[in-house]
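Contents: one structure, followed by commentary.
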Amino acid sequence: MTTRLSSPTANGPAPKPPGRSPRALWHLGVNAVVVAWLALFAVVGGAHHFLPHAFWLLVHTLLLGAVTNAVVIWSGHFAASVLRLPEANRGAPAALRLVCLNAGAVAVIGGMFTDRWPVVLVGGCLVAAAVTAHAVWLVRLLRRALPGRFSMTVRYYTAAAALLPVGAALGVVMARGGLGGDLPERLLLAHEMINLLGWVGLTVAGTLITLWPTMLRTRVADGAERAGRRALPVLLAGLGAAVAAALLGPPPLAAPGVVVHAAGLVIAGIPWVREARAKAPRSFAAWSVAAGSLWLAGSLLVLAGILLSTTSWITVGERTSLLTAPLAAGWIAQVLLGALGFLVPVVLGGGPTAVRAATAGLERAWPARLTVTNTALLLCVLPVPSVVRVVCSVLLLVMLLYFLVLLVLTVVRGVRNRRKGTAEPVPAAGPAPAEAPPHRVLGGVALGLAVVMLAVAGGGAADVRSLPILERSAAASADGGEVAPTGRTTTVEVTVRDMRFSPASVDVPAGDRLVIELRNTGTDTHDLVLETGARTDRIAPGKRATLDAGVVGRDLDGWCSVVGHRQMGMVFGVRVTGDGGGTASEGSEESGESAHDHGGTASEGTGESAADAFDPMAEPADGFTARDARLPPAAEGSGPRVHRRTLTVKEAEAEVAPGVRQTLWTFDGTAPGPVLRGRVGDTFEITLVNDGTIGHSVDFHAGALAPDEPMRTIQPGESLTYRFEATRSGVWMYHCSTMPMSLHIANGMFGAVVIDPPGLPGVDREYLLVQSEFYLGEQNGTADAGKVNAKEPDMVAFNGYAGQYDHDPLTARTGERVRIWVLTAGPNVPSAFHVVGGQFDTVFREGAYDLRPGGAERGGAQVLDLAPASGGFVELALPEAGDYPFVTHIMSDAERGAHGVLRVR
């Protein structure tokens, strides 16, 4: 028997009603909610660089918003259909459940977005209440109905709905924060398994018992219901064991539960394989669901491997984050879009011709779309350059938007045709959309692969290397002649240890072909470049690469081209023995010069020196606005708070003085990075995302914890979560701690965390100034590593732009109390902060007051002197109107740009 999910008119010509049936109107209305959440997901994906908690928002707009609504809507529809109570899934109770669910989802997302945990709690309760009411309705529906062949499907839905409130409760607990040890990682894994494998996974498994053969247009395989009945307890037992181990045991104990759960899916899926063998998938819907199932299988296999390979839950948390994209985009999103692609035309109805026409509208170019989606997603989870990963992410977003556009157009066209009483015919030429000929499918696959290949090629080309190289043949001897090849090959193994090549040089007989086997045993990405232009790819820690230098007739110099690594001593030499050898200086004079001039840059400069363009007296363009130096107030309320923030590493071209442009490495696109503020006892949970082209890290001085894991270097495309408690007050620096640290800080990777001293009194104005120096490279290039090493800054600035507050002053009124926090980010130069014409009556430096009003001495202070990476604040009140310059009283640095104006009116 074939299970039909068609409209009542599917067996005859479509009538011409003036409007739509209540059933169709209901489905169009509720599924518009799913489409709205998918559209919001696309918006968040496009704007994620500008949003706090961006990764969390992406996951939850998709899963909590779109997928949870789809699960409630379609599980209700299928339950009513298989129990032959089609009118049961409509009306006020069903609408109220959806309203409650969406209000809760909005509250959860809004509460996290604004860091208001009580709002998250209320939202979580609303979501749990809506899904619990859905579960109760399913049980009551099951009791009302007569026994049916596929009533097992409803039992899957009931079990899934019973699990979601548990997963929601774990999510609310995590949102509260304040969890110690490895408890956050344990709760997160349990939360994800319950929600993904339980709430979503059981619903999908129960639905596919009948939906999968319907998509294939074939009979339900014999034994499918029996397989589903046997699989459900196995699925629940495996999930329960995995969750219990996650909460109570070490990681390896959770792996058997994952394996048992996967075995349950195999039991349920055997009939699905038989059905696919009886009639192969030939539509977007079927192939999308099939591709999603493969992503689920692969993810479960990887998850079991992760759990078995470590005893640390913190390590598990870091590694399982790599499964988010395969599970969310690969499995769940593809199953959801496939289901919508099949079911929406059925809901639109209008007879077989209208259903085929709607299906044709949704399946335009489906082989190419599925190929692009899955190939791009595969590249996103592989160790590719970050630019390639970004391009592939954009492709995934475009594919989602394309589907949404097709969906809206199909619905609008279907409604219009029904109102006119007509159906848009399928073109007579060619088969129905579900029966696309093989050559068309293969052509679409080829087109999809070509699109991804072009994107990858473009992304790879954008990942430019850091040093220009003047190529010269290795076979040329020192006097310019060609050496005679010997026909022999010299193969050497070179190991990267910390920031050195070992051995640092190798001897090669003149005329031999040289092959270098490079092995990276360090903790950062490295490569090896020879002055001839021969080079390895950049290789991650633990990886290997081979460099074929060709026939060698002269001495050669080599280095690591990752920015700053050459200046830190990562150099390599090839020394030729026998006739034809030359000297290192003869062979590498030109390339050695470029090393000092350019220092290794992560982006291409213009060739013009930015230092030559710097004029301390230059005026910025009209309409110039300085960086806002006002310090955001600490959050109100009593008791410790949890501050969650995502910092994204970005390479940003910026003007740092009038007419002077540099490509900075930044946290969230600005240097200094975002200001964080809290109180003693607050917890900070910072997620670092590396969208740059080289490895980066972050070190928060405001926290005290072992640096091994949270401060480790992460490669492009990776992320980590850094959690610390602020136990002491002060203005604390945070910065990139990847070597060479001085260069990473000099190129913009620093910021401030302000932790208020207990009882800090209010003031009328509060500002933050972060002093740093610039070692200018080329225009639009990065900092000159040679100048950094020599401690020869070209420019010193407050808040990342020389002299900006001369042109857009800080402001105050006469008699107002002004507090100015100062942090010296360095990396090399101290500060002596001074306000010309003002006297400080309060000085707080490195966690303690040096001066407070009311002392018997009636003393004051003229300067706040700070070493690199130290900070504090001063307070003063200015009795007269006027312009009060502020400077570092290391006057040569003030003349390099570390000055501004406090304008008092």
Side-chain angles (χ1 to χ4, degrees), residues 5 7-8 19-38 63-109 121-148 150-169 172 195 198-200 202-204 206-207 210-211 336 339-340 343-344 346-349 411:
L5 298 172
S7 67
R20 308 197 57 78
S21 69
R23 173 175 174 272
L25 289 174
W26 164 265
H27 278 290
L28 287 176
V30 294
N31 279 287
V33 177
V34 178
V35 174
W37 279 106
L38 287 173
L63 300 182
L64 179 59
V67 173
T68 297
N69 271 281
V71 166
V72 170
I73 292 165
W74 287 105
S75 64
H77 169 72
F78 277 99
S81 297
V82 299
L83 297 177
R84 300 184 181 181
L85 299 169
E87 302 303 314
N89 188 38
R90 294 203 302 274
L96 182 60
R97 290 194 294 270
L98 288 176
V99 169
C100 183
L101 171 64
N102 284 280
V106 170
V108 169
I109 291 174
L121 174 62
V122 172
C125 290
L126 287 173
V127 170
V131 176
T132 300
H134 180 67
V136 171
W137 175 79
L138 288 171
V139 172
R140 293 178 60 189
L141 199 67
L142 196 59
R143 290 178 176 176
R144 279 178 50 195
L146 295 173
F150 296 107
S151 60
M152 173 51 58
T153 293
V154 186
R155 300 187 189 279
Y156 274 79
Y157 297 158
T158 305
L163 288 171
L164 181 66
V166 180
V172 171
N195 289 346
W199 167 237
V200 179
L202 291 180
T203 302
V204 170
T207 302
T210 56
L211 182 61
L336 174 61
L340 288 175
L343 294 169
V344 167
V346 174
V347 168
L348 287 171
V411 171

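Given the structure is predicted, the values throughout are model-derived calculations rather than measurements. Throughout, numbering of the chain's residues begins at 1 and tracks the sequence.
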Quiz prompt | Minimum heavy-atom distance between H134 and A161, given as atom pair plus value | solution = CD2-CB, 4.3 Å

Quiz item: Who pairs with L142 by side chain to side chain contact (heavy atoms under 4.5 Å, CB included), at least two apart in sequence or on another chain?
Solution: L83, S151, V154, R155

Practice problem: State which residue, out of V34, V35, V33, fulfils the side chain to side chain contact (heavy atoms under 4.5 Å, CB included) condition with W37. | Solution: V33

Quiz prompt | Within-4.5 Å side-chain heavy-atom neighbours: L211 and L343 | solution = yes

Quiz prompt | Closest contact, heavy atoms only, L202 versus A160 | solution = CB-CB, 3.9 Å

Quiz item: For the residue pair G198 and L163, what are the closest heavy atoms and their distance?
Solution: CA-CD1, 3.7 Å

Exercise. Before giving the answer on side chain to side chain contact (heavy atoms under 4.5 Å, CB included), spell out for L63 and V200 the whole-Å C-alpha distance, their side-chain angles and the decisive distance to 0.1 Å.
Key: CA-CA 9 Å; L63 300 182; V200 179; 5.6 Å; no

Quiz item: Stepwise, does the side chain to side chain contact (heavy atoms under 4.5 Å, CB included) test hold for V127 with L164?
Solution: CA-CA 9 Å; V127 170; L164 181 66; 4.2 Å; yes

Quiz prompt | Partner residues of N69 under the side chain to side chain donor-acceptor pair (under 3.5 Å) criterion, sequence neighbours left out | solution = N102

Self-check item: Exercise: identify the closest heavy-atom pair between A66 and L336
Solution: CB-CD2, 4.4 Å

Self-check item: side chain to side chain donor-acceptor pair (under 3.5 Å) involving T207 - partner list, sequence neighbours excluded
Solution: Y157

Quiz item: Taking only residues two or more places apart in sequence or in another chain, which ones pass side chain to side chain contact (heavy atoms under 4.5 Å, CB included) with V139?
Solution: R143, T158

Self-check item: Reported CZ-to-OG1 distance for the pair F78 and T203, which is rounded to 0.5 angstrom
Solution: 11.5 Å

Practice problem: Apply side chain to side chain donor-acceptor pair (under 3.5 Å) to T68 and list each qualifying residue two or more places apart in sequence or on a separate chain. | Solution: W199

Practice problem: Please report the shortest heavy-atom distance between N195 and A168, naming the atom on each side. | Solution: OD1-N, 4.2 Å

Self-check item: Over all atoms of both residues, closest heavy-atom pair of V108 and G123
Solution: CG2-C, 3.4 Å

